[in-house]
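As the structure lists them, so they are numbered: ligands from 1, and atoms in each ligand from 1.
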Amino acid sequence: MTTTVNVYQNYIGGQWQAAQSGQTFPNYNPASGEILGYFPLSGEADANAAVAAARAAYGKWRLVPAPKRGEILFRVGELLKQHKEELARTMTQEMGKVLKETRGDVQEGIDMAYYMGGEGRRLFGHSVPVVPVELPNKSGVAMRDSIGVVACITPWNFPMAIPTWKMFPALVAGNTIVFKPASDTPLSALRLVEILYEAGLPEGVVSIVFGPGGTVGEALLHNPDVAVISFTGSTESGRHVAIEAAKSLKRVSLEMGGKNAVIVMDDADLNLAVEGILWSAYGTTGQRCTACSRVIVHSAVRKQLVDMLVPRIEQLRLGNGLDESVDVGPVINASQLTKIHSYTEIGKEEGAKLVTGGYIDNGGELAQGYFYRPTLFTKVRPNMRIAQEEIFGPVLSMIEVPSFEEAIAVNNNTKFGLSSAIYTQDINRVQRAMRDITTGILYVNSGTTGAEIQFPFGGTRGTGNGHREAGIAGLDVFTEWKVVYTDYSGKLQKAQIDE
Ligand code: NAP
């Protein structure tokens with residue numbers, strides 16, 4: 001029996017189009033090696049055509065009343081809800097994480113659609129429309145203005161949520177979009193764009209271009225008609241994006257890597273801590289920007305924590321994420337598998353103790369996929385590479401500390417600052433952690449993952465450039481403040497001048 005594999009196209013300015021080169025690239029299932037489809041191997045010309053289409057659509061879209069733009073997002077939310085299961089299955093097939101997590105990924109998109117749909121009737125940010133002014137018979141209005149063409153460049157680990165976190169605020173604010181999704185997850189991205197149009201988005205407002213970051217992404221960084229780059233990905237790529245985009249003074253929002261820690265104090269509820277560590281270290285196969293990759297444990301409970309954690313890690317079942325009994329899916333691709341294993345070797349060379357895992361698992365049903373056994377290192381020192389560098393896989397490093405103060409210092413001593421967690425029963429320690437941990441997100445008595453869309457999301461240092469996604473703060477990247485003063489006194493009034 002032969003099965004046909006679909007060949008997909010870019011959607012530019014309301015037209016389905018092959019790449020101008022005529023070439024395609026395959027989309028693989030990382031659990032089975034199966035080819036799910038072929039996508040256009042686009043280049044600079046395709047990216048520039050998409051920017052031109054977005055530029056052309058901008059004039060009309062910015063004038064569509066914001067509540068109407070919001071209504072389209074409400075319909076998008078309904079459609080995402082309706083197609084939640086099928087979207088989740090597509091995502092599991094192309095990037096591997098288990099179904100309950102891909103359902104959660106779609107849910108984040110649904111939540112964001114409703115949240116940003118509501119912004120269509122607000123959009124007032126932190127200000128009030130008429131601000132007090134210092135002169136009589138004069139008024140001032142501070143309003144959020146759209147900016148223009150936004151390029152959304154996204155990673156593969158949240159193929160639905162991350163694009164919605166960028167596109168929905170950008171759209172409700174009146175911008176048009178060129179969407180360049182990760183090459184590992186093109187199909188979920190395409191489905192999202194189809195839903196946007198099914199919900200009534202006018203043609204041209206969003207274009208999607210598939211192809212490598214090195215060509216399509218690069219073209220977007222250099223196109224003068226792109227006003228904003230919203231990027232999520234590795235710190236290495238993000239730094240490059242910032243440098244290139246700065247040359248034409250584009251606005252750039254960067255959401256990048258993490259080296260997130262769970263702190264377990266001597267008074268922690270260890271049962272709770274074990275659950276939180278397992279979920280945030282090995283969920284999504286450790287491939288979350290907020291994944292826990294360090295446990296900083298007080299000496300008094302280290303042995304007990306290890307004894308409780310190891311059997312639970314060893315029970316985790318690897319396999320195809322479509323199987324509901326599987327806990328941990330494959331990693332995204334062969335090069336990531338190699339990279340993860342190289343860190344196991346680095347950890348051993350550095351003198352850390354490999355307690356469990358540490359190998360590529362290709363036995364039985366796992367033979368065709370990219371599976372890595374959930375791994376735990378103990379006796380890790382804070383400056384080892386496995387405690388400092390983002391591995392982006394199911395590898396956890398445990399660092400023992402003698403005190404709360406030392407735990408905070410170790411937590412803060414990385415070049416990233418996305419998410420941290422602390423397990424303690426002591427309210428004073430909680431307050432001090434809130435004050436002293438340098439991070440974008442802090443969880444108390446919960447693991448490092450689980451952000452909700454109504455709060456700002458992002459990190460410090462090498463994780464970001466100060467912008468935030470989601471919540472009201474998520475609008476700041478996609479809007480420009482415009483202030484209009486109207487003097488109705490009929491004479492020249494001079495602000496700040498003593499007369
Ligand atoms: P990546 O390799 O940096 O790729 C991210 C996106 O950038 C992809 O669409 C990629 O295209 C594109 N790209 C690559 N080179 C580019 C260039 N020169 N110019 C323009 N675009 C370029 O990251 P990834 O491996 O997909 O994702 C994993 C990383 O994302 C991890 O570091 C993780 O921590 C981070 N992440 C951060 C957050 C956050 O919110 N802080 C959330 C999720 C993930 P191709 O796919 O074609 O290479």
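- The nearest heavy-atom contact from the protein to atom 12 (C) of ligand 1 is Ile153 CG2, 3.6 Å.
- Below 4.0 Å from some heavy atom of Ser234 lie the following atoms of ligand 1, by number and element: 1 (P), 3 (O), 23 (O), 29 (C), 30 (O), 32 (O).
- Using a 4.0 Å cut-off between heavy atoms, Ile332 makes no contact with ligand 1 at all.
- Residue contacts with ligand 1, taken as heavy atom pairs separated by less than 4.0 Å, involve Thr232 via backbone and side-chain atoms alike.
- Annotation: side chain to side chain donor-acceptor pair (under 3.5 Å) contacts involving residues 442-452, sequence neighbours excluded, comprise Glu452-Gln454.
- Between Lys180 and ligand 1, at least one pair of N/O atoms sits closer than 3.5 Å.
- Listed by number with element, the atoms of ligand 1 under 4.0 angstrom from any heavy atom of His240 are 18 (N).
- Side-chain N or O atoms of Thr375 include one that pairs as donor or acceptor with a backbone N or O of Gly358 at under 3.5 Å.
- Atoms of ligand 1 found under 4.0 Å from any heavy atom of Gly217, numbered from 1 in the order shown, are 19 (N), 20 (C), 21 (N).
- Residues Tyr372 and His341 bring their aromatic ring centres within 6.0 Å.
- Remark: side-chain polar atoms of Glu350 are not paired, donor with acceptor, to backbone N or O of Met384 under 3.5 angstrom.
- Within 6.0 Å of the CD atom in Gln107, the count of heavy atoms belonging to other residues, nucleotides or ligands exceeds 12.
- In terms of protein heavy atoms, atom 28 (C) of ligand 1 is closest to Phe392 CE2, 3.6 Å.
- Atom 27 (O) of ligand 1 has Pro155 CB, 3.3 Å as its closest protein atom, hydrogens excluded (heavy atom only).
- Using modelled atom types, no side-chain atom of Gln93 and backbone atom of Leu36 make a donor-acceptor pair closer than 3.5 Å.
- Formation of a donor-acceptor pair under 3.5 Å by the Asn175 side chain with backbone atoms of Ala170 is found in this model.
- Annotation: atom 6 (C) of ligand 1 to nearest protein heavy atom, Thr154 O, 3.5 Å.
- Heavy atoms from other residues, nucleotides or ligands lying under 6.0 Å from CD of Glu236 number 12 at most.
- Between the side chains of Ser146 and Tyr58, at least one donor N or O sits under 3.5 Å from an acceptor N or O.
- Looking from atom 36 (N) of ligand 1 to the surrounding protein, the closest heavy atom is Cys289 CB, 3.6 Å.
- Contacts of Val216 with ligand 1, taken as heavy-atom pairs under 4.0 Å, are absent altogether.
- Contacts of Glu390 with ligand 1, taken as heavy-atom pairs under 4.0 Å, involve the side chain alone.
- Remark: minimum distance from atom 46 (O) of ligand 1 to any protein heavy atom is reached at Ser183 N, 2.9 Å.
- For Lys339, the NZ atom sits in a packed shell: over 12 heavy atoms of surrounding residues, nucleotides or ligands are nearer than 6.0 Å.
- In this structure, the separation between CZ on Phe416 and OG1 on Thr414 is 6.5 Å, given to the nearest 0.5 Å.
- Residue contact check for ligand 1: Gly211 places a non-hydrogen atom closer than 4.0 Å to it.
- Nearest residue to atom 26 (O) of ligand 1 from Trp156, Phe210, Phe457 is Trp156 (criterion: closest heavy atom).
- Of the candidates Leu418, Asn157, Asn260, it is Asn157 that places a heavy atom closest to atom 43 (C) of ligand 1.
- In this structure, Lys259 does not pair ionically with Glu389, as no charged nitrogen and carboxylate oxygen lie closer than 4.0 Å.
- Checking Pro159, Gly233, Pro212 against atom 29 (C) of ligand 1, the nearest heavy atom belongs to Gly233.
- Under 4.0 Å from ligand 1, not a single heavy atom of Glu469 appears.
- Among protein heavy atoms, atom 2 (O) of ligand 1 sits closest to Ser237 OG, 3.9 Å.
- Under 4.0 Å from ligand 1, the heavy atoms of Ile162 that appear belong solely to its side chain.
- Atom 22 (C) of ligand 1 has Gly213 CA, 3.5 Å as its closest protein atom, hydrogens excluded (heavy atom only).
- Assignment of Phe158 to the shell around ligand 1 is not supported, since no heavy atom sits closer than 4.0 Å.
- Lys97 forms a cation-pi arrangement with Phe158, by the criterion of a distance under 6.0 Å to the ring centre and an angle within 45° of the ring axis.
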